[in-house]
Protein chains: 4
Amino acid sequence: MRGRPKSVETPPVIAPPWVPFEDRRRARDEKRDAVLRMAVKMFLTEGYHRTTLNEVAARLNITKPALYNYFRSKDEILVECYRIGQETYEANIEGIERQGGSGLAKVRALIRAYVRAITTDFGMCVTRLDDRELSTEARASVRRAKRSYDTAFRTRIEEGMADGSIMPCDPKLAAFAIAGSLNWIGHWYEPGGELSAETIGEEFAIRLTGGLAAK
Amino acid sequence: MRGRPKSVETPPVIAPPWVPFEDRRRARDEKRDAVLRMAVKMFLTEGYHRTTLNEVAARLNITKPALYNYFRSKDEILVECYRIGQETYEANIEGIERQGGSGLAKVRALIRAYVRAITTDFGMCVTRLDDRELSTEARASVRRAKRSYDTAFRTRIEEGMADGSIMPCDPKLAAFAIAGSLNWIGHWYEPGGELSAETIGEEFAIRLTGGLAAK
Amino acid sequence: MRGRPKSVETPPVIAPPWVPFEDRRRARDEKRDAVLRMAVKMFLTEGYHRTTLNEVAARLNITKPALYNYFRSKDEILVECYRIGQETYEANIEGIERQGGSGLAKVRALIRAYVRAITTDFGMCVTRLDDRELSTEARASVRRAKRSYDTAFRTRIEEGMADGSIMPCDPKLAAFAIAGSLNWIGHWYEPGGELSAETIGEEFAIRLTGGLAAK
Amino acid sequence: MRGRPKSVETPPVIAPPWVPFEDRRRARDEKRDAVLRMAVKMFLTEGYHRTTLNEVAARLNITKPALYNYFRSKDEILVECYRIGQETYEANIEGIERQGGSGLAKVRALIRAYVRAITTDFGMCVTRLDDRELSTEARASVRRAKRSYDTAFRTRIEEGMADGSIMPCDPKLAAFAIAGSLNWIGHWYEPGGELSAETIGEEFAIRLTGGLAAK
DNA sequence: TATGAATGAGCTTTCATTCAT
DNA sequence: AATGAATGAAAGCTCATTCAT
């Protein structure tokens, strides 16, 4: 888990030595990724402020200034973490829009998707790290994204209330309740623990809608 | 604007110089409280790290070293905030143990109590601030308290499953789901906004147990 | 010349202990001045970049962060040096405008005034330090001031050409020639050396106008 | 835009692989010169410290380490700039020694020569850049050269005073005044501007000696 | 009790320089 | 001959904390 983590993913077979350029670029990207993965992990376990670039670098067996080959500032590292996190959410949510079904079914699908996202490091960082560290623009972007997730839930709930699959309720509070349960996962989920992301997703899809579902 | 700020609040008229000892202590305690109230507010809006003691002091129209009359360190201020927060929870939860009723009724009562606590500044700080800032012992104490809240929910849920007021479910996950919804309130609640703490409490007591309640 | 330079100026006699506030403020201002004087000296002898705040502080027998009690940044120290330097020029030049006499006489008076200014540390810093270190606004201000000195010379030369005290010539180039000679003083003048500022002023007033004066 | 930038300048067609050795060396020298010319320009416009090797390299479409093929250090680049600058002065001054004429004529010739030198980038760098950046020996060499220019002026002035072409004056101050005017040119001269180096030379040869010339 | 001043420890960032390829 | 990557050494700045008054 420390140092060169990407070595696992590079093809274990003999890499042809005559693709040095491609190689270099890949190596660079892999290292950049390694930095990000290490950074997000440390940001999550230690907190952004208490994580010094020195420590990040040390854990990667490089020195602090080397990080500046891949990122312009500590801030930029954080922004990248958020960006990847947002992508994770969007990648998981994407398909749901198109898929049919009742409002309730969609809410459940959203919950499962959200759980999948929040149980990854980058996904978790979006909800657990303090977005006040970000620059004004970056923060604005992140907040917009967060609001859009909330809106997605709210809209589906209203849809469900319209099609009769969801009992009448205040969609705003209902969405807040669901979002809270989901975001909180980031505080107790342990990767590799006895509760898998799938299990949590299934359980929460039922549990959090049990009170919404029309009888 | 510089120096002498407190003179405004002390009676401008000739205060008897033999001011009783009791009075002195009260004044001192009031100032200490003022510091705490200002600090917790700023910790919540700015974050602990980004809140400098200089700013806290400035907002109170005193100077930084003056804070050290009331607290030994920034850390201690934080610890105190947590302590008061914990007290708030306990004060709200206290009566519930003794009151009778089904497991479901107790869970609902817990939810209402929890909402009352988390909508105060000090209560909010317990769940929103990062307890990794605390010293090892303080953190241990806080974590113990948090766990006890979780246990309270879990126990009541199990109680409810036993007495038939709550449908069979995984009490651990159910408690997590509820805790998440409740803790999340700290991220969107606005004191003086259109949703009062009471309203939220009532609504959540129903909403969060809708899926738990046996039909 | 190192450390507490102001001690010379504070009255050596018993300072009354009951003016603590005034005292404090004076002490503060004196220290601020001491920082500036030390800084400008080091900027001149070492160059701005090669002068570290650590060294400035060390020479004043304080530590680096203490400097931040008096200035917000290294930059601000530089700006202050320039500001005082400009004041020095203006204070010396001021009277000349009002005093009568031929254009030539005024040019000579300007030369003497300029020499008086440039032979002080702060005056010297305006022409010898690199104003590209300054922020855009500060630089603009400094350049404006410099241009105004140049204009002063040019205008007086034209005046002299009009009143016949100065022989016909290109006022722009003539002003440049004079400015160069004067600014260059900062590169060879040694305070306390055998050439006093007065002597240089007198000599240059003659020398630099010898070629301008109408026969 | 990345890598291989120089390929544009080397003949794109199949260059005979037995490229004569001479050619290689010439190419190398040309590149070295290109570096120097770019460096001196940037040193002058940005200042030595604010000019990073990265930027120098970038403007030449090469990378930073490539510079180290031609120079051992940033310092050495600066030293070379000074060396070329000195050569420029000496090349311009050279003939004057042998040419006859009065002391005054020689001073005027020196002025013209000096202007020719200082209006080149390398010549300008000798007087405008800060020689405290140089190593002790390099600085010593530069200072020696500068002093020799000063001595040249002083000697010619004394010569002129002896042969009656120059009126009695303090040769040291007179030389300083002239040197200042000349060195200052580096601060306002614009290559390609309306004042050509020739014009300035002619004008200054007259202007700066107008006050020296015996009537 | 309160203040101005000072400090130590620590952080991010920059940059000339080196090295394996 | 040239590159990408890495490094060491430093610098400016911040801030909780202490101390003399």
Side-chain angles (χ1 to χ4, degrees), chain A residues 17 20-21 23-25 27-28 31 49-55 57 60-75 77, chain B residues 2-7 24 27-28 31 49-57 62-77, chain C residues 17 20-21 23-25 27-28 31 49-57 60-75 77, chain D residues 2-7 10 24 27-28 31 49-57 62-77:
Chain A
F21 188 76
D23 238 32
R24 275 256 176 114
R25 254 253 317 254
R28 181 182 172 79
K31 284 182 191 167
H49 263 118
R50 280 179 306 280
T51 303
T52 72
L53 292 189
N54 244 339
E55 284 163 0
L60 290 165
N61 287 326
I62 59 177
T63 59
K64 186 168 41 171
L67 297 176
Y68 285 80
N69 279 323
Y70 308 106
F71 302 94
R72 269 192 299 260
S73 67
K74 188 183 181 187
D75 213 73
I77 298 182
Chain B
R2 61 167 56 212
R4 309 292 144 62
K6 272 303 177 119
S7 60
R24 278 259 182 105
R28 182 186 164 79
K31 286 183 191 169
H49 262 116
R50 279 180 305 279
T51 302
T52 71
L53 292 189
N54 246 337
E55 284 163 358
V56 174
I62 59 174
T63 60
K64 183 165 48 168
L67 297 175
Y68 284 81
N69 284 320
Y70 308 108
F71 302 94
R72 268 193 302 261
S73 69
K74 188 184 181 187
D75 213 73
E76 192 179 295
I77 297 181
Chain C
F21 189 75
D23 238 32
R24 275 253 176 119
R25 253 251 320 251
R28 181 184 171 79
K31 284 182 191 168
H49 262 117
R50 280 179 306 279
T51 303
T52 72
L53 292 190
N54 245 338
E55 284 162 0
V56 174
L60 291 165
N61 288 326
I62 57 176
T63 59
K64 183 168 46 171
L67 296 176
Y68 285 82
N69 278 323
Y70 308 105
F71 303 94
R72 268 192 300 263
S73 67
K74 187 184 180 186
D75 213 74
I77 297 182
Chain D
R2 62 166 55 213
R4 308 292 144 62
K6 272 304 176 109
S7 61
T10 46
R24 278 259 183 103
R28 182 187 163 79
K31 287 183 191 169
H49 262 115
R50 280 180 305 280
T51 303
T52 73
L53 292 190
N54 245 339
E55 283 163 359
V56 174
I62 59 174
T63 60
K64 184 166 47 169
L67 297 175
Y68 284 81
N69 284 321
Y70 308 108
F71 303 94
R72 269 193 301 260
S73 69
K74 188 185 181 186
D75 212 74
E76 193 179 296
I77 298 182

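Keep in mind it's a predicted model, so treat the numbers as computed, not measured. Every chain is numbered from 1 and lettered A, B, ... according to where its sequence line falls, protein lines coming before strand lines.
When all heavy atoms of D:Phe71 and D:Glu76 are compared, the closest pair comes out as CA-OE2, 3.7 Å. The two residues D:Thr63 and D:Ala57 come nearest to each other via the heavy atoms C-CB, 3.5 Å. Among all heavy-atom pairs drawn from B:Leu67 and B:Leu53, the shortest one is CD1-O, 3.6 Å. Nearest heavy atom pair, residue A:Arg28 against residue A:Asn69, reads NH2-O, 2.7 Å.
The distance from atom NE2 of C:His49 to atom P of E:dT14 is 13 Å, rounded to the nearest whole Å. Whole-Å rounding puts the A:Leu60 CG to F:dA6 C1' distance at 13 Å. Whole-Å rounding puts the A:Asn54 CG to E:dT12 P distance at 8 Å. To the nearest angstrom, C1' of E:dT14 lies 13 Å from NZ of C:Lys74. Between A:Ile62 atom CD1 and E:dC19 atom C1' there is a gap of 16 Å when expressed in whole angstrom units. E:dC11 atom C1' lies 14 Å from atom CD1 of A:Ile77, rounded to whole Å. With rounding to whole Å, D:Glu76 atom CD is found 10 Å from E:dT17 atom P. Rounded to whole Å, the distance from NZ on C:Lys31 to C1' on E:dA6 is 9 Å.
A donor-acceptor contact under 3.5 angstrom links the side-chain atoms of D:Lys64 to the base of E:dT17.
For the pair C:Thr52 and B:Leu53, nearest-nucleotide mapping onto DNA chain F gives the more 5' position to C:Thr52. Where D:Thr51 and A:Glu55 meet DNA chain E, the nucleotide closest to each residue was compared, and A:Glu55 sits on the side nearer the 5' end. Take the nearest nucleotide of DNA chain E for C:Leu67 and for D:Ser73: the residue whose nucleotide is more 5' is C:Leu67. Comparing D:Asn69 and C:Asp75 against DNA chain F, the residue whose closest nucleotide sits nearer the 5' end is D:Asn69.
Listed nucleotides: F:dG8, E:dA2, E:dT7. Nearest to the side chain of C:Thr63: E:dT7. Residue D:Tyr68 places its side chain closer to E:dA16 than to any other of F:dT3, E:dA16, E:dT7.
OP1 or OP2 of E:dA6 sits under 4.0 Å from a side-chain N or O of C:Tyr70. A close approach under 4.0 Å does not occur between any side-chain nitrogen or oxygen of A:Arg72 and OP1 or OP2 of E:dT13. For the OP1/OP2 pair of F:dG4 and a distance below 4.0 Å, the side-chain nitrogens and oxygens of A:Arg28 include no atom meeting the criterion.
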Intra- and interstrand pairs of DNA chain E - dot-bracket, Watson-Crick/G-U under 3.5 Å, | marks other strand: .||||||||||||||||||||
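Looking at C:Lys74, its side chain does come within 3.5 Å of a backbone N or O of C:Thr51 through a donor-acceptor pair. Remark: the backbone N or O of C:Ile77 is not paired with any side-chain donor or acceptor of C:Arg72 at under 3.5 angstrom.
Judged as a salt bridge (Lys or Arg N to Asp or Glu O under 4.0 Å), and not counting sequence neighbours, C:Glu55 has no contacts.
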